[in-house]
Every structure is written in structure tokens, then in C-alpha cells.
Colleague: 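The structure follows.
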Amino acid sequence: MGQFDSTARDAILHELSHVFGQTYLSRATVADFLASLAKSNKVAGPDPEDFWRGANFLNIQERGQSQKELLDLFSGVLKAQYGFGIEECGSAGGTFVYLDDGVFTGNRLLSDLELWDPSRKHRGTRIHVIAAAIHRGAVHYVQSRLSDYSFRWSRVLQLENRKSEKNISDVLWPAAIPDDELVREYCEMLGGEGYPPTLRRPGKSGSEFFSSEPGRQALEEQFLKAGCKIRALNPNLNNYQRPLGNMVLRGLGFGTLVVTYRNCPNNAPLALWAGDPWYPLLPRKTNWQ
């Protein structure tokens with residue numbers, strides 16, 4: 001915490017403690033969620049055992065271990081409940097199931113599905129996306145781009161991050177630009193590209209994820225300042241690795257505060273995971289680890 005302004009450290013710690021109490025997803029939490037899903041009549045109909053035996057589990061991610069690890073976890077759940085694992089599942093008419101620990105921008109899910117079915121031979125089929133955390137903007141984005149599939153979404157946490165709902169969003173979305181030289185330079189760069197930052201109207205903290213509006217603003221201000229500093233110090237960061245988290249769209253960053261037992265996503269603020277010369281609060285495994 002010594003990397004942050006001394007006057008802001010207590011506020012950052014207090015707010016992070018509150019937020020991570022809502023957004024940190026442990027292995028036990030995810031396993032309990034999958035166990036509940038496996039026996040849910042609402043999800044699987046009157047015969048869940050038959051539904052999951054006929055489901056087609058997709059293992060299509062080319063980078064990283066998140067999908068493989070979630071498949072292994074769910075396979076253990078199915079073995080415990082029904083006596084068979086995902087390697088014994090699949091049928092011609094079964095639902096396709098895509099598992100991951102989080103859906104953030106939706107770009108990875110979109111890319112995976114487009115590579116899996118480039119000719120759209122599976123158009124019209126049901127794809128059930130199961131993740132620990134799903135952001136509403138990603139749902140809209142993926143469904144609009146892949147409208148020839150029928151999607152179902154299951155998650156532990158659903159977070160609001162759509163621009164139209166920025167004032168009640170569940171991600172870091174600054175209400176003001178702090179008085180900081182590096183932040184001003186970054187915002188001027190965005191404005192010069194035709195994308196000045198869109199600010200949130202203060203007054204609502206979003207949801208139960210934040211303790212209060214002042215607590216939320218403390219994180220937004222300090223993480224934005226730190227993120228701009230990290231970008232100035234680290235020449236290895238690409239243009240998409242924005243101060244508040246990885247995002248292709250031009251802006252201050254994605255701003256998620258969801259962290260799982262597996263990893264800290266790069267869509268979270270740089271202050272949480274970026275490395276040398278910054279000391280990360282939550283060191284991140286890359287997609288190749």
C-alpha cells in the first residue's frame with residue numbers, strides 16, 4: 001500500500017475489504033454453485049441427470065487453463081451426483097455448454113465460438129454459458145454478434161457495466177477526473193483520438209458491491225491515478241491495457257473488481273495486477289501459465 005498516497009491508504013483498504021467481501025469468488029463458492037446447477041430443474045428440466053448426460057461440453061479455449069479447470073471441477077460435481085463425468089457426456093441434440101471463470105468484455109467468448117463454428121453449422125442450437133461472474137455488457141455484445149444461436153446464461157455474480165447504466169454500474173467508472181498530471185495527459189490523449197472519457201453521475205454507489213459513494217470514489221480516483229502512473233513506468237503494456245483494466249474500446253478501462261480463486265483478470269485495474277516496477281496487490285497468472 002506504500003505505493004498509494006499516504007492520505008488515501010486507509011480508505012483504499014477499507015473499501016477493498018468491503019468490495020472483495022462481495023466479489024471474491026472462492027473455489028468452494030464456485031463448486032457449490034455448480035453443484036446447485038447440476039441438480040436444478042429450472043436449468044436442466046425434470047430429469048437433470050439425463051440433461052447433463054446429453055450435454056456437449058465445449059473445450060475450445062486455445063489459451064489459458066480457465067476452461068479446462070472449470071470443466072474438471074464440474075466433471076467432479078457430476079461424478080459425485082450422478083456417477084459420470086463430462087467425458088461420458090454428449091449427444092446429437094444436447095445443449096452445448098461453455099464454462100469459464102468469468103465473462104468480462106465478451107471478446108474471448110465471441111472469439112472462441114467463432115473459431116469453434118466458423119461455418120455456423122450449429123446455428124439455431126442452444127449454448128449454455130456458465131461462469132462464476134458475467135457482466136451484462138458482454139451478454140448484450142455476444143448475443144448481438146451471434147444472434148443465430150440461442151443463449152442461456154448461469155452465474156454466481158451478474159454485474160452491470162453497460163454504458164447506458166453507468167450511473168448504477170458495478171464496475172469502477174469515475175465520476176470525476178482527479179487533479180493529476182498523468183491522468184490529465186491520458187484523458188487528453190483519449191480526447192485527441194475522439195473518445196473523451198464518459199463520466200458517471202455521482203450519487204449512487206451502484207450496488208451492494210460498494211460500501212458508499214465516497215468509498216467507491218476513493219477506489220476510482222486512486223486506481224485511476226495509479227494506473228496512469230503504471231502505464232508511464234511500464235513500456236511493456238499495450239494500448240488495450242488501460243489504467244482501470246484491459247479493454248479494446250478507448251476509455252479509462254474496464255474496471256471490474258471481480259477476483260476468483262484462480263486469478264485476477266486483466267480487466268481489473270492495473271494497480272491490482274500489473275508487475276515490475278509496480279508491486280501488484282494481486283499478482284496475475286497469464287494465459288500461458
Colleague: Is it the case that one hydrophobic cluster holds both Ile130 and Tyr141, taking links as side-chain heavy atoms less than 4.5 Å apart, direct or via other members?
Modeller: no
Colleague: Under the side chain to side chain donor-acceptor pair (under 3.5 Å) rule, what pairs show up with a residue in residues 187-199, not counting sequence neighbours?
Modeller: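 Non-adjacent pairs meeting side chain to side chain donor-acceptor pair (under 3.5 Å): Glu193-Arg250.
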Colleague: What's the separation between atom CD1 in Ile168 and atom CZ in Arg201, rounded to the nearest 0.5 Å?
Modeller: 10.0 Å
Colleague: With a 6.0 Å cut-off on ring centres, are Trp116 and Tyr98 close enough?
Modeller: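 Centroid separation for Trp116 and Tyr98: 6.0 Å or greater.
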Colleague: Ser75 side chain to Ile86 main-chain N or O, any donor-acceptor pair under 3.5 Å?
Modeller: yes
Colleague: Can you check whether Val97 reaches Cys89 side chain to side chain, under 4.5 Å on heavy atoms?
Modeller: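 No; the side chains remain at least 4.5 Å from each other.
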Colleague: Are Trp278 and Phe4 an aromatic pair, judged by ring center distance below 6.0 Å?
Modeller: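 Centroid distance Phe4-Trp278: below 6.0 Å, so yes.
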Colleague: Working to the nearest 0.5 angstrom, can you tell me the gap between Leu182 CG and Glu185 CD?
Modeller: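 Rounded to the nearest 0.5 Å, the CG-CD separation comes out at 5.5 Å.
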Colleague: Please tell me if the side chains of Gln22 and Leu157 come closer than 4.5 Å, counting only heavy atoms from C-beta onward.
Modeller: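 Side chain of Gln22 against side chain of Leu157, heavy atoms only: no contact under 4.5 Å found.
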Colleague: With side chains defined as the heavy atoms from C-beta onward, is the minimum distance between Tyr261 and Thr29 less than 4.5 Å?
Modeller: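 Sidechains of Thr29 and Tyr261: no contact.
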Colleague: Step by step, work out the side-chain contact (heavy atoms from CB on, under 4.5 Å) result for Val103 and Arg155.
Modeller: CA-CA 10 Å; Val103 180; Arg155 73 285 180 270; over 6 Å; no
Colleague: Quick one: NE2 on His14 to CG on Leu219, what's the gap to the nearest 0.5 Å?
Modeller: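 Reported to 0.5 Å precision, the distance equals 11.0 Å.
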Colleague: Using the six-membered ring wherever Trp is involved, compare the ring planes of Phe151 and Tyr149 and label them parallel, tilted or perpendicular (cut-offs 30° and 60°).
Modeller: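 Plane angle over 60°, so perpendicular.
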Colleague: Report the distance from atom CG of Leu257 to atom CZ of Phe210, rounding to the nearest 0.5 Å.
Modeller: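 Here the rounded value is 5.5 Å.
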Colleague: Treat each ILVMFWY residue as a node, draw an edge where side-chain heavy atoms are under 4.5 Å apart, and state whether Val19 and Trp273 are in one component.
Modeller: yes
Colleague: Is a side-chain N or O of Asp47 found less than 3.5 angstrom from the main chain of Phe51, in a donor-acceptor match?
Modeller: no
Colleague: Can you classify the ring geometry of Trp52 versus Phe74 as parallel (below 30°), tilted (30 to 60°) or perpendicular (above 60°)?
Modeller: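 Aromatic pair Trp52/Phe74 classed perpendicular.
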Colleague: Quick one: closest heavy-atom pair of Leu224 and Pro243, and the distance?
Modeller: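 For Leu224 versus Pro243, the nearest heavy atoms are CD1-CB, 3.8 Å.
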Colleague: Keeping the roles fixed (side chain from Asn266, backbone from Asn246), state whether a donor-acceptor pair exists under 3.5 Å.
Modeller: no
Colleague: Supply the atom-to-atom distance Leu113 CG to Ile127 CD1, rounded to the nearest 0.5 angstrom.
Modeller: 5.0 Å
Colleague: Working to the nearest 0.5 angstrom, can you tell me the gap between Ile177 CD1 and Glu220 CD?
Modeller: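 These two atoms lie 10.0 Å from each other.
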Colleague: Can you list everything that forms a side chain to side chain contact (heavy atoms under 4.5 Å, CB included) with Ser66? Sequence neighbours excluded, please.
Modeller: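 Ser66 satisfies side chain to side chain contact (heavy atoms under 4.5 Å, CB included) with Gln61, Asp100, Asp101, Arg108, Arg262 once adjacent residues are dropped.
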Colleague: Indicate the ring-plane relationship of Phe254 and His135, choosing parallel, tilted or perpendicular according to the 30° and 60° boundaries.
Modeller: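 Aromatic pair Phe254/His135 classed perpendicular.
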Colleague: Check Gln67 against Ile60 and note the closest heavy-atom contact, atom names and distance.
Modeller: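 What the structure gives for the nearest pair is OE1-N, 2.8 Å.
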Colleague: Should Val129 and Leu146 be regarded as members of a common hydrophobic cluster, given that ILVMFWY residues are connected when their side-chain heavy atoms come within less than 4.5 Å of each other, either directly or indirectly?
Modeller: yes
Colleague: Quick check: is Leu115 connected to Leu71 through a chain of hydrophobic side chains (ILVMFWY, heavy atoms under 4.5 Å apart)?
Modeller: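 Looking at the clustering, Leu115 is in a separate group from Leu71.
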Colleague: Does the side chain of Leu252 reach to within under 4.5 Å of the side chain of Tyr186, using non-hydrogen atoms?
Modeller: yes
Colleague: I would like to know whether Val183 and Cys187 meet side-chain contact (heavy atoms from CB on, under 4.5 Å); could you show each step before the answer?
Modeller: CA-CA 6 Å; Val183 174; Cys187 292; 4.1 Å; yes
Colleague: If we only count heavy atoms from C-beta on, is the His122 to Asp148 side-chain gap below 4.5 Å?
Modeller: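 No. Closest side-chain heavy atoms not under 4.5 Å.
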Colleague: Taking CD in Glu114 as the centre, count heavy atoms belonging to other residues, nucleotides or ligands within less than 6.0 Å. Is the count above 12?
Modeller: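 More than 12 within 6.0 Å, yes.
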Colleague: For residues Ser154 and Val43, report the shortest heavy-atom separation together with the two atoms involved.
Modeller: OG-CG2, 4.4 Å
Colleague: How about CG on Asn41, more than 12 heavy atoms from neighbouring residues, nucleotides or ligands closer than 6.0 Å, or not?
Modeller: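 Atom CG in Asn41 is crowded, with more than 12 foreign heavy atoms closer than 6.0 Å.
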Colleague: Would Tyr240 and Phe104 show up in the same hydrophobic cluster when neighbours are defined by side-chain heavy atoms closer than 4.5 Å?
Modeller: no
Colleague: Say whether, by atom type as modelled, one donor and one acceptor occur between the side chain of Arg231 and the main chain of Gln241 under 3.5 angstrom.
Modeller: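 Looks like yes, one N/O pair under 3.5 Å.
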Colleague: By the side chain to side chain donor-acceptor pair (under 3.5 Å) test, which pairs, at least two apart or in different chains, include something from residues 81-95?
Modeller: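 Every pair satisfying side chain to side chain donor-acceptor pair (under 3.5 Å) with a residue in residues 81-95: there are none.
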Colleague: Identify the two heavy atoms, one from Val259 and one from Pro265, that lie closest to each other, and give their separation to 0.1 Å.
Modeller: CA-CD, 4.4 Å
Colleague: I'd like to know whether Arg216 forms a side chain to side chain donor-acceptor pair (under 3.5 Å) with Ser169, so could you lay out the CA-CA distance, the side-chain angles of the two residues, the decisive distance to 0.1 Å, and finally the verdict.
Modeller: CA-CA 11 Å; Arg216 174 179 184 152; Ser169 59; 2.9 Å; yes
Colleague: How close do Thr256 and Pro269 get, counting heavy atoms only, and between which atoms?
Modeller: O-CD, 3.2 Å
Colleague: Would Arg200 and Glu213 pass as an ion pair if we require N to O under 4.0 Å?
Modeller: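 So Arg200 pairs with Glu213 through a salt bridge.
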Colleague: Give me the atom names and distance for the closest heavy-atom approach of Gln158 to Asp170.
Modeller: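 Shortest heavy-atom separation between Gln158 and Asp170 comes out as O-OD2, 4.1 Å.
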Colleague: Evaluate side-chain contact (heavy atoms from CB on, under 4.5 Å) for Val30 paired with Leu70, printing each intermediate quantity in order.
Modeller: CA-CA 9 Å; Val30 176; Leu70 267 293; 3.9 Å; yes
Colleague: Using a 6.0 Å cut-off, check whether atom CZ of Phe84 has over 12 heavy atoms from anything other than its own residue.
Modeller: yes
Colleague: Begin with the C-alpha distance, continue with both residues' side-chain angles, and end with the deciding distance and a verdict on side-chain contact (heavy atoms from CB on, under 4.5 Å) for Gln3 and Lys229.
Modeller: CA-CA 10 Å; Gln3 300 168 110; Lys229 179 180 180 180; 5.7 Å; no
Colleague: Kindly say whether Leu249 contributes a backbone atom to a donor-acceptor pair with the side chain of Arg242 at under 3.5 angstrom?
Modeller: yes
Colleague: Is any side-chain N of the basic residue among Asp72 and Lys68 closer than 4.0 Å to the acidic one's carboxylate O?
Modeller: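 The answer is yes: the pair qualifies as a salt bridge.
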Colleague: Without swapping roles, check the side chain of Ser144 against the backbone of His140 for a donor-acceptor pair under 3.5 Å.
Modeller: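 Side chain of Ser144 to backbone of His140, a donor-acceptor pair under 3.5 Å: yes, one is there.
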